[in-house]
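Each remark here refers to the structure printed beneath this line.
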Number of protein chains: 2
Amino acid sequence: MSSRDYLGEFEHIVILALLRLAGRAYGVTVRQEIEARTGREVSIGAIYATLDRLETKGYLKSQFGEPTPERGGRSKRFFHVTAKGMSAVNRTHRAVQSMTQGLDLIGSHS
Amino acid sequence: MSSRDYLGEFEHIVILALLRLAGRAYGVTVRQEIEARTGREVSIGAIYATLDRLETKGYLKSQFGEPTPERGGRSKRFFHVTAKGMSAVNRTHRAVQSMTQGLDLIGSHS
DNA sequence: CCAATTTATTCTATATTGTATAGCTAATGT
DNA sequence: ACATTAGCTATACAATATAGAATAAATTGG
């Protein structure tokens with residue numbers, strides 16, 4: 001466990017997107033999922049930079065997929081969260097949770 | 001609402017500490033609260049830098065308190081969260097919440 | 001097979017956050 | 001006045017956030 005143990009705000013969002021996209025997570029879908037869920041618009045460059053950083057830290061692994069039978073376009077790079085990545089999300093979650101405990105914030109009850 | 005609408009990871013933790021400390025939040029207590037709740041150790045400088053930035057953004061306000069009847073020492077600078085700051089926390093919370101919806105993370109059920 | 005089109009990734013550059021250490025100030029007590 | 005205490009400021013640097021332009025790999029039409 002190195003000095004920077006918590007996920008950055010955006011790293012957190014991105015890794016959650018990967019978890020919900022499960023097997024079909026790659027740049028474009030990650031971006032869509034974030035926008036669809038939160039309404040937040042992010043550049044595709046921001047997504048990849050973050051994915052790369054997370055992979056470097058060992059929180060993600062990626063592999064290129066076979067070309068799909070669609071129109072055209074380069075092959076997708078699929079990402080998935082590693083066990084180490086899961087610990088990081090959980091750690092981050094626990095921290096916020098413990099600080100939130102007992103406070104009355106919107107969406108915090110039930 | 002400017003381009004950077006979400007609280008950074010540490011900003012988030014700090015502002016939550018202020019909320020739970022209510023009227024008695026100043027550098028030292030904020031640091032203690034974070035350490036007590038999360039076990040995370042941060043330098044006092046990190047705390048102030050973040051408080052200053054949040055205040056600059058209008059998320060916090062501060063004022064110096066009267067000297068206390070204790071041993072000695074400089075007077076405390078008390079911080080409180082503004083309405084704008086509350087929106088920011090809530091916005092940040094909602095984002096994570098919406099991305100977490102339905103996922104099975106530790107501490108996410110109940 | 002070549003050019004155009006499509007989808008996706010990589011590069012690069014900059015602003016904002018995270019974080020620590022050292023140094024400075026304002027009270028109090030003697 | 002001086003030492004001691006508690007707390008705040010200054011500064012510097014590393015890591016993260018973010019966008020835009022450039023590049024690459026497929027597919028299809030002619």
Side-chain angles (χ1 to χ4, degrees), chain A residues 2-15 17 21 24-32 34-35 38 40-60 62-79 88 92 95, chain B residues 2-15 17 21 24-32 34-35 38 40-60 62-79 88 92 95:
Chain A
S2 58
S3 72
R4 233 210 227 16
D5 296 330
Y6 301 92
L7 295 172
E9 187 275 325
F10 191 54
E11 292 181 324
H12 190 182
I13 297 292
V14 166
I15 215 168
L21 288 166
R24 60 214 155 76
Y26 69 100
V28 175
T29 51
V30 169
R31 186 194 200 180
Q32 287 171 344
I34 293 174
E35 173 154 13
T38 68
R40 175 179 189 171
E41 294 188 20
V42 262
S43 71
I44 190 68
I47 301 280
Y48 283 110
T50 302
L51 288 170
D52 286 344
R53 215 167 339 103
L54 289 172
E55 182 167 34
T56 297
K57 292 196 249 178
Y59 292 166
L60 309 179
S62 71
Q63 69 277 342
F64 285 89
E66 294 305 299
T68 52
E70 277 143 33
R71 174 64 183 80
R74 191 166 171 175
S75 57
K76 309 172 189 357
R77 183 174 163 203
F78 291 102
F79 290 84
T92 302
Chain B
S2 60
S3 73
R4 195 72 113 252
D5 295 330
Y6 301 92
L7 295 171
E9 186 274 325
F10 190 54
E11 292 181 324
H12 189 181
I13 296 291
V14 166
I15 214 168
L21 288 166
R24 61 213 154 78
Y26 68 100
V28 175
T29 51
V30 169
R31 185 194 201 181
Q32 287 171 344
I34 293 174
E35 173 154 12
T38 68
R40 177 179 188 170
E41 293 187 19
V42 262
S43 71
I44 190 69
I47 300 279
Y48 283 111
T50 301
L51 288 170
D52 285 343
R53 284 178 193 150
L54 289 172
E55 182 167 35
T56 297
K57 292 195 249 179
Y59 292 165
L60 309 180
S62 70
Q63 70 277 341
F64 286 89
E66 294 304 300
T68 52
E70 278 143 34
R71 176 60 182 80
R74 197 168 168 174
S75 57
K76 308 173 189 357
R77 184 175 163 202
F78 290 102
F79 291 84
T92 302

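Nothing here was measured: the structure is a model prediction, and the numbers come from that model. All values below come from the heavy atoms of this structure, side chains included, with hydrogens, waters and symmetry mates left out. Chain A is the first sequence line, chain B the second, and so forth, proteins listed ahead of strands; every chain is numbered from 1.
Look at B:Arg53 and B:Glu11 and you find no salt bridge, because none of the NZ, NE, NH1 or NH2 atoms lies under 4.0 Å from a carboxylate O.
For the pair B:Ile13/B:Leu7, no side-chain contact is recorded, criterion being any heavy-atom separation below 4.5 Å from C-beta on.
For A:Leu7 and B:Val28, each mapped to the nucleotide of DNA chain D holding its nearest heavy atom, the one lying further toward the 5' end belongs to B:Val28. For A:Ser75 and B:Gly72, each mapped to the nucleotide of DNA chain C holding its nearest heavy atom, the one lying further toward the 5' end belongs to A:Ser75.
Rounded to whole Å, the distance from NZ on A:Lys76 to P on C:dT7 is 9 Å. Atom CD of B:Glu66 and atom C1' of C:dT28 are 16 Å apart (whole Å). Put simply, NE2 on A:His12 is 14 Å from P on C:dG18, counting in whole angstrom units. If you take CG of A:Asp5 and P of D:dA14, they are 19 Å apart, rounded to a whole angstrom. In this structure, B:Arg24 places its CZ atom 14 Å from P of D:dG7, rounding to the nearest Å. Distance, B:Phe64 CZ to D:dT9 C1': 10 Å, rounded to whole Å. If you measure from atom CD of A:Glu35 to atom P of D:dT18, you get 14 Å, rounded to the nearest angstrom. Atom CG of A:Asp52 and atom P of C:dA8 are 17 Å apart (whole Å).
When atom types are taken as modelled, the side chain of A:Arg77 and the backbone of A:Gly27 share no donor-acceptor pair closer than 3.5 angstrom.
To the nearest 0.5 Å, atom CG of residue B:Leu51 and atom CZ of residue B:Phe79 are 4.5 Å apart.
Contacts of A:Arg40 classified as side chain to side chain donor-acceptor pair (under 3.5 Å), with partners at least two apart in sequence or in another chain: A:Glu9. With sequence neighbours left out, A:Ser75 forms a side chain to side chain donor-acceptor pair (under 3.5 Å) with no residue at all. Shown here are the side chain to side chain contact (heavy atoms under 4.5 Å, CB included) partners of A:Gln32, two or more places apart in sequence or in another chain: A:Val28, A:Thr29. Residues that satisfy the ring-ring contact (aromatic ring centres under 6.0 Å, His included) test with B:Phe10, not counting sequence neighbours, are absent from this structure.
B:Arg31 comes within 4.0 angstrom of no nucleic acid atom, judged by non-hydrogen atoms across all strands.
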Atom pairs, N/O to N/O, protein against nucleotides 21-24 of chain D, distance under 3.5 Å?
{"residue": "D:dA24", "atom": "O4'", "partner": "A:Arg74", "partner atom": "NH1", "Å": "3.1"}

Collect all protein-nucleotide pairs involving nucleotides 14-17 of chain C in which both atoms are nitrogen or oxygen and the distance is under 3.5 Å.
{"residue": "C:dT16", "atom": "O4'", "partner": "B:Arg4", "partner atom": "NH2", "Å": "2.7"}
{"residue": "C:dT16", "atom": "O3'", "partner": "B:Arg4", "partner atom": "NE", "Å": "3.2"}
{"residue": "C:dT17", "atom": "OP1", "partner": "B:Lys57", "partner atom": "NZ", "Å": "2.8"}

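More than 12 heavy atoms of other residues, nucleotides or ligands sit less than 6.0 Å from atom CD of B:Gln63.
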